[in-house]
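Counting starts at 1 for both ligands and their atoms, in listed order.
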Amino acid sequence: MSKDKVQIFDTTLRDGEQVPGCKLETDQKLVIAERLDLLGVDIIEAGFPISSPGDFNSVVEISKLVKNATVCGLTRAVQKDIEVAAEALKHAKIPRIHTGIGTSESHIKHKFKTTQDVVLERAVAAVSYAKTFVEDVEFYAEDAGRTDNEFLARICEAVIKAGATVLNIPDTTGYCLPEEYGAKMKYLKENVTGIHKATLSCHCHNDLGLATANSIAGVIHGARQIECTINGIGERAGNTSLEEVVMILKQHPYLNLDTSINSKLLYSTSQMVSQKMGMPVQPNKAIVGSNAFAHSSGIHQDGVIKNRETYEIMDPEDVGVNESSIILTARSGRAALAYRAKKVGYELTKVQLDMVYEEFLKFADRKKEILDADIHDIVIEAKINIESVA
Ligand code: KIV
Ligand code: ZN
């Protein structure tokens, strides 16, 4: 059975760039946009054109550059925003306007000081106006995670009638539980007339560490687009991490969902974004962290050396990491030492390994990690006949 495609909407250059201190220049954004296009993302959210002349210019230049992906610009449900976004996107091969408004009780009461009916009218007017410029219009219901499902369904139905092609259901505050977020998608699938005319989209924030889980729950219940960023960067605790959702769908084939991402480019893309934004990737970050395929305890190392799959659920090469690493520490066993010694040129017999291991433990107690250069010193210190092992 052929798999259903989940569209990957990358918002590294818009929501991702809202991280304090991570503002990028247009030329840096262009390098990232080109890489995202190569990676195979379906949509690149290039910026919020009305927010500043710099952002406007970035969206213009990205629109000219990108060859395959749809290029999208964010707006509020405000005519001027929409006009400026349309102007910025005019060179895009496939342009999309992403417009919307807050729909939760808190946004309606406190931010807009108005009523649900007025918000609904503004949403429809924004989508209708955006439709006069581009065919592809995505509507976001900001704070949909905390919006009452009945009103959310009503507004979704109205904007579909006005021509929205994609319905973004953001968990803006990262509050939803996966079950709740999945149920919201299911509710919309079952209660919005005309829902077959639009794609439901997951846009999850990571305030409780649930952005990835919520996005996956969303696609299991009928959404077919995930909005995400490289390395999960974004305001506060960040957005859904692109590399995580892509690899979850790849590693769980029974979900029958797939993306167009070339996963072998994930690691290098992560490194590039981290370097351009000056945002280090935490070592234990899933998929792209430096420890994601590193094994340091003796029991795990022995298992991985015998058969990688004992402790790894994906092949590092699938995400562009050359191989798993066996880290030598005081917790490592003989199997790991023999493996690493062989890599630097020493084929040790069992007796020689015992002697070298004894010396290794003394070194390892003094140092946090034993590097290749240390292995040579340890072999020398163990006083075995080097000629016989090299
Ligand atoms: O988190 C959010 O609600 C957003 C919207 C502006 C799409 O980023
Ligand atoms: Zn967001």
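- Here the protein heavy atom with the shortest distance to atom 3 (O) of ligand 1 is Thr172 OG1, 2.7 Å.
- With sequence neighbours left out, the ring-ring contact (aromatic ring centres under 6.0 Å, His included) criterion links Tyr175 to no other residue.
- Under the 4.0 Å criterion applied to side-chain N and carboxylate O atoms, Glu87 and Lys90 are assigned as salt-bridge partners.
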Start with the C-alpha gap between Ile43 and Asp10, add the side-chain angles, then the distance that decides, and say whether side-chain contact (heavy atoms from CB on, under 4.5 Å) holds. CA-CA 6 Å; Ile43 302 105; Asp10 181 279; over 6 Å; no
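- The number of heavy atoms from other shown groups lying within 6.0 Å of NZ (Lys197) does not exceed 12.
- Closest to atom 4 (C) of ligand 1 among all protein heavy atoms lies His203 NE2, 3.5 Å.
- Distances below 4.0 Å separate heavy atoms of Asn168 from the following atoms of ligand 1: 7 (C).
- At a 4.0 Å heavy-atom cut-off, ligand 1 does not touch Thr11 at all.
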Yes or no on side-chain contact (heavy atoms from CB on, under 4.5 Å) for Asn168 and Glu227, after CA distance, side-chain angles and deciding distance? CA-CA 9 Å; Asn168 178 9; Glu227 311 198 359; 3.1 Å; yes
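- Both tests hold for Arg366 against Phe363: distance to the six-membered ring centre under 6.0 Å, angle to the ring axis within 45°.
- Less than 4.0 angstrom separates some heavy atom of Pro170 from each of these atoms of ligand 1: 2 (C), 3 (O).
- Using a 4.0 Å cut-off between charged nitrogen and carboxylate oxygen, Lys264 and Glu317 do not count as a salt-bridge pair.
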Verify side chain to side chain donor-acceptor pair (under 3.5 Å) between Glu138 and Thr165, making sure each step is shown before the conclusion. CA-CA 6 Å; Glu138 173 167 342; Thr165 46; over 6 Å; no
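- In this structure, Arg14 is part of the shell of residues with a heavy atom less than 4.0 angstrom from ligand 1.
- With ligand atoms numbered from 1 in the order given, ligand 1 contributes 3 (O) to contacts under 4.0 Å with heavy atoms of Glu142.
- In terms of polar-atom proximity, Tyr140 is not counted as a contact of ligand 1, lacking any N or O under 3.5 Å from an N or O of the ligand.
- With a heavy-atom cut-off of 4.0 Å, His205 touches ligand 1 through its side chain alone.
- Salt-bridge annotation for Asp37 and Lys67: absent, with no side-chain N of the basic residue lying under 4.0 Å from a carboxylate O of the acidic one.
- Distances under 2.8 Å from the Zn ion (ligand 2) pick out the protein N/O/S atoms Asp15 OD2, His203 NE2, His205 NE2.
- By the 30° and 60° cut-offs, the orientation of the rings of His203 relative to His205 is tilted.
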